[in-house]
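See structure below.
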Amino acid sequence: MATRVGAAAAVAAPPAGSRAGVGAVAAAEGASAAVSMEGGAVGAEGLSAKAAAEEAFARLSVLYEQLPLWEERGAQLSRARSAAEVDDLHRVAGYRAAELREAEARVAQAQAAVAVAEADGADSDRLGDLRLMLMAAGTQRGLRVGPAQNAERAVRQALAASDFATLEEVQEALLSADALEALAAQVAAYQREYAEALALCQRLEADEDAAA
């Protein structure tokens with residue numbers, strides 16, 4: 001009995017990115033086909049218990065056989081989530097860059113206005129107003145340089161920390177919000193079902209050991 005308990009425990013947590021317990025599950029599958037029958041006559045209750053044990057271990061075996069598929073889907077989920085994080089930062093960086101470009105355009109316009117006024121010999125009041133506008137535009141530009149640089153730096157750091165080499169790879173790994181939610185639910189359902197099946201098998205083995 002201890003063999004099946006140990007084998008089942010070896011694959012107790014089959015996360016979507018883990019292959020631990022590959023060898024141990026073979027013992028669990030083999031043991032599931034051999035429930036000891038001690039004594040001569042086996043009553044209906046004994047047959048029912050045996051059937052329940054066989055069914056539980058068979059279900060655990062089926063779930064384990066599906067593990068490579070769910071590992072692949074789990075890896076896709078992890079990659080999609082990572083891509084979403086990088087993409088969000090990239091979107092923010094794009095927004096900050098657009099703000100900086102607009103501020104730079106206003107500086108250029110203000111500079112051109114001052115140049116025209118100076119060339120036309122505008123009075124000092126007019127020139128003063130235009131230069132104040134230029135200073136204000138320059139200040140606004142300065143306020144946007146830092147956020148734009150920080151946002152771009154955040155993108156580079158997130159990309160470097162991810163499994164992606166380029167932003168193009170990030171885009172390829174992205175899933176829609178609905179698809180991401182559905183995949184996450186499917187992976188979680190598999191992990192939950194596996195954990196429940198394993199817990200049942202462990203309880204059945206504990207009961208058999210106690211009755212032995």
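The analysis underlying the following values was restricted to heavy atoms, covering all of them including side chains, and did not include hydrogens, waters or symmetry mates.
Atom CE in Met135 sits 13.5 Å away from atom CG in Leu130 (nearest 0.5 Å). Atom CD of Glu196 and atom SG of Cys201 lie 12.0 Å apart (nearest 0.5 Å). Here the CG-CZ distance, from Leu200 to Phe57, works out to 8.5 Å after rounding to the nearest 0.5 Å. Here the CG-CG distance, from Leu204 to Leu60, works out to 11.0 Å after rounding to the nearest 0.5 Å. Put simply, CG on Leu77 and CD on Glu181 are 11.5 Å apart, with the number rounded to the nearest 0.5 Å. With rounding to the nearest 0.5 Å, the separation of CG in Leu134 from CD in Gln109 is 11.5 Å.
Ser124 pairs by the side chain to side chain contact (heavy atoms under 4.5 Å, CB included) definition with nothing, not counting sequence neighbours. A search for side chain to side chain contact (heavy atoms under 4.5 Å, CB included) contacts involving Glu193 returns Arg59, Leu63, not counting sequence neighbours. With sequence neighbours excluded, the residues that form a side chain to side chain contact (heavy atoms under 4.5 Å, CB included) with Glu102 are Arg106.
Nearest approach of Leu127 to Ala117, heavy atoms of both residues: CD2-CB, 3.6 Å. When all heavy atoms are compared, the tightest approach of Ala151 to Ala93 is CB-CA, 3.6 Å.
Within the structure, salt bridge (charged side-chain N to carboxylate O under 4.0 Å, His left out) contacts touching residues 119-147 (residues at least two apart or in different chains) are Glu104-Arg141, Glu118-Arg131. Screening residues 85-96 for side-chain hydrogen bond (donor to acceptor under 3.5 Å, both in side chains) gives Asp87-Arg91, Asp87-Gln171, Tyr95-Glu99, Arg96-Glu99 as the qualifying pairs, with residues at least two apart or on separate chains.
Looking at Val187 and Gln76, their side chains never come closer than 4.5 Å, going by heavy atoms from C-beta outward. A heavy-atom distance below 4.5 Å is not found between the side chains of Trp70 and Tyr194. Counting only heavy atoms from C-beta outward, the side chains of Leu180 and Leu174 never approach each other to under 4.5 Å.
Within 6.0 Å of CD on Gln186 lie more than 12 heavy atoms contributed by other residues, nucleotides or ligands.
With hydrogens and angles disregarded, no donor-acceptor distance shorter than 3.5 Å links the side chain of Glu72 to the backbone of Pro68. Checking side-chain atoms of Ser78 against main-chain N and O of Gly74 turns up no donor-acceptor pair under 3.5 Å.
In the hydrophobic clustering, Val170 connects to Val86, Leu89, Val155, Leu159, Phe164, Leu167, either directly or through intervening members, whenever side-chain heavy atoms lie under 4.5 Å apart.
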